[in-house]
Amino acid sequence: MGCGKLKIRSYDVQVHRAGVEDLERRCEVGPTERVVLYIDTMGDPICRIRNSPMYKMLVAELGSELVGVIQGSIKLATVHKPPKNIAKLGYVLGLRIAPVHRRKGIGSRLVLELEKWFIANDVDYAYMATEKDNEASANLFINKLGYAKFRTPAILVNPVDHRALRLSSKTEVAKLKVEEAEFLYRKFMTSTEFFPDDIGNILRNKLSLGTWVAYPRGESWEDFGSDGKVLPRSWAMLSVWNSGELFKLRLGKAPLSCFLYTKSSILIDKIFPCFKLPAIPDFFSPFGFYFMYGVHHEGSLSGKLVQHLCQFVHNMATKSKDCKVIVTEVGGKDILRLHIPYWKSLSCPEDLWCIKTLKNEENTIHQLPKAPPTTTSLFVDPREV
């Protein structure tokens, strides 16, 4: 069946909401081929892009049937290309095609229509993220639509035990004011790939729970937030985004070992609480998660301080009703991977980011997809998770 009767148009909440939600329920996503997740948008299909500076959703219809959907957002961010380091980026996400209508060219049509919107808004690059082992997605974007492999960050997922972790008495943790956090991010992370130009808006968003710093006890952090202040010799910082307020996840498939450990740990904890085994949450029911972003560290002791902050966030999550995992995404070769706790069975060691040039006026712009990373760190915008 061809796509001659296929119609692509902008999402209309009154007309398309029920159809998009139904399609989302029928389409699985996942960090690895062994783990399948389903997304519950809680009645708001555009929840994943609603907090972006500019966004759009397109739907594909065959007659009266909604057969596909795609989302896109636009922002200014750091991209290392001469003569400037700021570029306008278009992010492609949420491509879903009804299972019975796949391999008919519908996905290509949706992406190309979204790219037209990017071009009309003066976007320099379009980029997308997918699982490395998602052959269908990689084939569509790389082989058919001209995207190039760009980066392979790691998605790290750590379950939340209902017990609070014991924190080291040798470390201090302080919550920063938004102005202090923005100052630090602009001072230390502006050169990080994909650092958002509107970082202040992200930090002020109601979904951003705050920014915290960790430093050795006995050193001072008082009133830091402007040039001339002396930082501790070692310190680390991160921010937390409450993604569970936007949408929920539900595990549809997982390794047998994950299922057995989940059930057995809950049972043992009920019968023998004195054992204090880590009780893995029930991922087969809808759950929320915290996303740690803007993780940065300085100094010889900073690795341990990052680990301390992760434990601190875990303890925050134990007080939430439905936060069952903590997620972060870091550069594929970022040393941070050594200090952030995660569960291997639920994590993705190599996510795949692909990028495409949408402008032709500069010869140098074509070199970006082929250029090696200028830094091992990567800023993952929590609005695009």
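Just so you know, residue 1 is the first one in the sequence shown, and it goes up from there. A quick note: this is a predicted structure, and the numbers were derived from the prediction, not measured. Note that these values count all heavy atoms, side chains included, but never hydrogens, waters or copies made by symmetry.
- Between atom CD1 of residue I86 and atom OG1 of residue T78 there is a gap of 4.0 Å, rounded to the nearest 0.5 Å.
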Going through the checks in order, is the ring pair (Phe, Tyr, Trp, His ring centres under 6.0 Å) test met by F247 and F289? CA-CA 9 Å; F247 60 91; F289 66 99; 5.7 Å; yes
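- Residues Y293 and S208 bring a donor and an acceptor atom of their side chains to less than 3.5 Å of each other.
- The shortest distance between side-chain heavy atoms of E219 and E172 does not fall below 4.5 Å.
- Using cut-offs of 30° and 60° for the angle between ring planes, the Y185 and F379 rings count as perpendicular.
- Side chain of R337 to main chain of G332: a donor-acceptor pair is present (N/O by atom type, distance under 3.5 Å, no hydrogens or angles).
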Test side chain to side chain contact (heavy atoms under 4.5 Å, CB included) on N139 and K144; report intermediate values, then the result. CA-CA 7 Å; N139 180 61; K144 295 182 179 179; 3.6 Å; yes
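- Here CD1 of I49 is found 10.5 Å from CD of E384. Values are rounded to the nearest 0.5 Å.
- Using a distance-only test at 3.5 Å, with no hydrogens or angles considered, a donor-acceptor pair links the side chain of K356 to the main chain of L145.
- Not a single donor-acceptor pair under 3.5 Å links the side chain of N315 to the backbone N or O of A164.
- Of all heavy-atom pairs between S347 and I155, the closest is CB-O, 3.2 Å.
- Ring centers of Y125 and F150: at least 6.0 Å apart, outside the cut-off.
- Hydrophobic clustering (side-chain heavy atoms under 4.5 Å, transitive across Ile, Leu, Val, Met, Phe, Trp, Tyr) keeps V327 apart from L352.
- Of the inter-residue distances, the one linking L66 atom CG with E21 atom CD reads 11.5 Å to the nearest 0.5 angstrom.
- Listed here is the closest heavy atom pair of N51 and R383: O-CD, 3.2 Å.
- Judged by distance alone, the side chain of R250 and the main-chain N or O of D40 form no donor-acceptor pair under 3.5 Å.
- In this pair, W235 and H296 present their aromatic rings tilted. The plane angle is within the 30 to 60° band.
- Distance alone, capped at 3.5 Å, is enough to place a donor-acceptor pair between the N121 side chain and the W117 backbone.
- Closest approach of M42 and E245 over heavy atoms only: CE-O, 3.6 Å.
- Linking ILVMFWY side-chain heavy atoms closer than 4.5 Å, directly or via other members, places V173 and L165 in two distinct hydrophobic clusters.
- Here the closest non-hydrogen pair linking L309 and A214 is CG-CB, 3.6 Å.
- Here OG of S52 is found 10.5 Å from CD1 of I46. Values are rounded to the nearest 0.5 Å.
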Does D381 form a side chain to side chain contact (heavy atoms under 4.5 Å, CB included) with F194? I'd like the steps, not just the answer. CA-CA 8 Å; D381 193 325; F194 283 56; over 6 Å; no
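- A donor-acceptor pair under 3.5 Å links the side-chain atoms of R186 to the main chain of D197, judged by distance alone.
- Looking at D124, its side chain does come within 3.5 Å of a backbone N or O of K88 through a donor-acceptor pair.
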Could you please spell out the steps behind the side chain to side chain contact (heavy atoms under 4.5 Å, CB included) verdict for I142 and K149? CA-CA 7 Å; I142 297 173; K149 294 180 181 179; 3.7 Å; yes
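- Of the inter-residue distances, the one linking T171 atom OG1 with H308 atom NE2 reads 5.0 Å to the nearest 0.5 angstrom.
- Within the 4.5 Å cutoff, side-chain heavy atoms of W241 are placed close to those of L246.
- Annotation: the span from L203 atom CG to E180 atom CD amounts to 11.5 Å, rounded to 0.5 Å.
- Put simply, I335 and L301 are part of two different groups of oily side chains (I, L, V, M, F, W, Y) that touch within less than 4.5 Å, one to the next.
- Linking Ile, Leu, Val, Met, Phe, Trp and Tyr whenever their side-chain heavy atoms come within less than 4.5 Å leaves Y11 and V15 in two separate clusters.
- Scanning all heavy atoms of the two residues, the minimum distance from E24 to T41 falls at CG-CG2, 4.4 Å.
- Judged purely by atom type and a 3.5 angstrom limit, T328 has no side-chain atom pairing as donor or acceptor with the backbone of L156.
- At least one side-chain heavy atom of D161 sits less than 4.5 Å from a side-chain heavy atom of H314.
- Listed here is the closest heavy atom pair of L110 and V69: CD1-N, 3.6 Å.
- For R26 (side chain) and P99 (main-chain N/O), no donor-acceptor pair under 3.5 Å exists by modelled atom type.
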